[in-house]
Amino acid sequence: MNWARQIHIKSAAELEIMREAGRVNAEVLATVKDLLKPGVSTADLNAAAEEALKKHNSVSPFKGYGYPPFPASITTSVNQQLVHGIPSKKRILKEGDIVSIDCGAILGGFVGDSAFTAGVGAISPEAQSLLNVTEEALRAGIAQMRVGNRTGDVSAAIQNYVESRGYYVTREYTGHGVGRQMHEGPQLPNYGKAGSGMPLKPGMTIAIEPMVLIGTAETRVLSDQWTVVSADGSLTAHFEHTVAVTEGEPLILTAL
Ligand code: MG
Ligand code: MG
């Protein structure tokens with residue numbers, strides 16, 4: 001992939017702008033999270049996200065992205081849908097669903113990229129466990145975002161956390177550098193070998209995004225050419241933060 005070769009180190013001033021873009025992203029996601037209730041359509045969620053983005057003078061890099069152009073500002077992926085679900089008036093949330101919301105926000109020429117998965121009403125213990133493992137895998141990955149480590153240390157931490165609990169990570173979709181573009185280098189798979197890959201340097205900004213499946217690592221894409229689902233129809237989850245490497249602690253740019 002061409003984007004994976006272009007690594008842009010951000011200055012302190014650029015990181016401050018990215019932090020603002022990330023904060024807007026976080027506020028938009030919080031707005032959408034509050035709406036996850038039975039009877040709400042995924043198109044309603046997208047409309048609320050667009051309104052929140054507008055309030056912050058921001059837009060999402062998702063709209064118009066790729067081919068066929070993605071038609072919305074967020075992705076809404078329900079249950080067996082892993083990523084890239086297209087918001088629709090026909091998809092009405094019901095009690096027990098789990099929904100992944102992925103959103104981007106552009107501000108000051110920089111992109112924030114973040115996602116979470118949450119339940120609608122009461123969810124099964126199986127679903128709750130999947131959400132916990134995926135969110136903790138993201139934490140495990142972020143903890144490795146330190147000078148002296150390599151991208152493979154982050155990937156291996158995610159893979160080890162997930163697989164040691166009996167779940168699967170996708171092989172087809174990865175984390176990525178993010179900055180003026182939504183996708184930059186380095187690529188950051190959710191599996192890999194510790195000590196391999198690109199050395200992490202201060203000013204690198206990477207979207208870390210574990211995508212976890214219960215029954216299989218296999219996925220397929222629906223006929224809408226976007227929605228990625230688990231091949232066996234089992235539940236999936238996805239959490240993502242844009243994170244900067246610093247001289248010290250990793251800096252989560254898309255935290256509230
Ligand atoms: Mg994302
Ligand atoms: Mg991403």
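Whatever order the structure lists them in is the order used to number ligands and atoms, beginning at 1. Computed over heavy atoms, backbone and side chain alike; hydrogens, waters and symmetry mates excluded. Model, not experiment: these values are computed from the prediction.
- To the nearest 10 degrees, the angle centred on the Mg ion (ligand 1) between OD2 in Asp102 and OE1 in Glu240 reads 100°.
- Within the coordination shell of the Mg ion (ligand 1), defined by N, O or S atoms under 2.8 Å, Glu209 is absent.
- The distance from the Mg ion (ligand 2) to the nearest N/O/S atom of Asp113 is under 2.8 Å.
- Between the side chains of Ser114 and Glu240, no donor-acceptor pair of N or O atoms lies under 3.5 Å.
- One of the N, O or S atoms belonging to His176 lies under 2.8 Å away from the Mg ion (ligand 2).
- For Phe110 and His8, the gap between ring centers reaches or exceeds 6.0 Å.
- For the pair Lys33 and Phe116, the cation-pi test (distance below 6.0 Å, angle within 45°) is passed.
- Heavy atoms only, all atoms of each residue included: Ile252 and Arg139 are closest at CD1-NH1, 3.7 Å.
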